[in-house]
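The block underneath contains the structure these notes are about, expressed in structure tokens.
Computed from a prediction, not measured in an experiment: that's the story for all the values here. Count residues from 1 along the sequence.
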Amino acid sequence: MYSVVIPYFNHGLYLPELLHCLENQFRHIGEIIFVDDGSTTGDLYTRLKNYKGPVKSKIEYIHKINGGTHSALNLGIVRASHEHIAILNSDDLFDAYRLERCDDLLHDHQADLIFGKVTFIDTNGGAYPAPMRHEWYNIGLNAVSNYEFFPALLIQENIAVTTSNFTFKRSLFNTLGGFRPFRYANDLDFLIRATLNSPYHFDQEEVHTNYRLHDSNTISESADLTTHEVSCIARDLRSQFHEKGSSVYREYLKACEIRGLNV
């Protein structure tokens with residue numbers, strides 16, 4: 001069973017579609033924790049109260065003062081009661097059978113963290129119509145074979161894309177100390193720290209998550225600030241890459257150069 005943690009902020013437009021995707025994976029979900037991160041619309045509690053679908057009994061609602069996605073995630077995961085955690089941002093969707101597949105992968109690979117491929121959808125849930133907007137993703141997938149040490153690849157391109165693609169054990173979250181306070185790259189920071197020191201599996205065979213591209217995506221606010229945060233993360237973790245040996249450290253430096261990071 002999974003605790004599904006949903007950080008929520010003003011995404012009422014996508015709520016019916018989100019609940020529907022959870023209904024389709026009902027038997028793998030132990031609880032659904034909505035963490036309302038100070039939404040200004042103020043309607044989530046009422047809409048969840050009036051919801052009559054099959055996962056209603058599994059829903060828990062938490063409201064907090066706005067503090068950013070990392071704080072909503074940390075609060076929701078601390079409140080979760082199951083060992084296996086799946087994150088779903090309130091504007092994204094799980095792909096069909098995602099949690100069932102993760103069950104098998106966690107067992108087969110003895111992994112603490114699972115993530116897979118993603119597809120990109122638009123506001124209406126259809127395939128995103130402008131492939132050039134996410135061309136970087138295909139570049140990242142094609143670069144997998146160029147790296148012997150996967151965390152170095154993540155510095156070049158975050159091919160996990162989103163925390164909605166993360167399924168992991170609570171014990172990993174505890175070991176890492178949760179999500180750190182980055183606005184644009186908290187997912188990348190968590191992912192690199194996890195893959196540096198814990199068993200993981202990247203499912204290259206199946207799509208796990210539908211990542212929604214729209215005008216209010218946080219990541220689209222500032223490319224410069226995103227790059228600054230990634231530089232800070234890479235600089236902070238530099239010693240850990242260095243400790244893995246000279247070949248790993250060279251890959252780290254190569255990835256930083258390709259990404260144009262100041263480390």
ask   = Checking N158 side chain against A160 main chain: does a donor-acceptor pair fall under 3.5 Å?
value = yes
ask   = Just by modelled atom types, is the I33 backbone N or O under 3.5 Å from a matching donor or acceptor in the R79 side chain?
value = no
Whether D37 side chain and G68 backbone form a donor-acceptor pair below 3.5 Å = yes
query = Can a salt bridge be assigned to the pair E17 and R212 using a cut-off of 4.0 Å between side-chain N and carboxylate O?
reply = yes
Value rounded to 0.5 Å, distance of CZ in F190 from OG1 in T163 = 10.0 Å
remark   = Rounded to the nearest 0.5 angstrom, the OG-CG distance for S231 and D236 is 12.0 Å
ask   = Is any side-chain N of the basic residue among R98 and E206 closer than 4.0 Å to the acidic one's carboxylate O?
value = no
key: Main-chain N/O of P199 paired with Q110 side-chain donor or acceptor, under 3.5 Å   = no
ask   = Backbone N or O of Y184 within a donor-acceptor pair of the T226 side chain at under 3.5 Å?
value = no
message = Taking N138's backbone N and O only, do any of them form a donor-acceptor pair with N142's side chain (distance below 3.5 Å, no angle check)?
response = yes
query = Can you tell me if E31 uses its side chain to pair, donor with acceptor, with the backbone of S81 under 3.5 Å?
reply = yes
query = Side chain of D95, backbone of N210: donor and acceptor closer than 3.5 Å?
reply = no
request  = Evaluate the side-chain proximity of D92 to Y14: yes if any heavy-atom separation is below 4.5 Å, no if none is.
outcome  = no
ask   = Can you pull the ring-ring contact (aromatic ring centres under 6.0 Å, His included) pairs that have at least one residue in residues 83-105, sequence neighbours excluded?
value = Y2-H84
request  = Sequence neighbours left out, what passes salt bridge (Lys or Arg N to Asp or Glu O under 4.0 Å) with K58? Give chain and number order.
outcome  = none
task = Linking directly or through intermediates, with side-chain heavy atoms under 4.5 Å: list the remaining ILVMFWY members grouped with F9, chain and number order.
result = none
request  = Look only at the side chain of Y200 and the backbone of F168, and say whether a donor-acceptor pair between them is shorter than 3.5 Å.
outcome  = no
request  = State, with a plain yes or no, whether a side-chain heavy atom of L44 is found less than 4.5 Å away from one of S90.
outcome  = no
ask   = Would F120 and Y128 count as a close aromatic pair, with their ring centres under 6.0 Å?
value = no
message = Just checking Y137 against H134, ring centres under 6.0 Å apart?
response = no
task = Please report the closest heavy-atom contact between K56 and N50, naming both atoms and the distance.
result = NZ-N, 4.4 Å
task = Measure from the side-chain N and O atoms of E229 to the backbone N and O of R183, and report whether any donor-acceptor pair falls under 3.5 Å.
result = yes
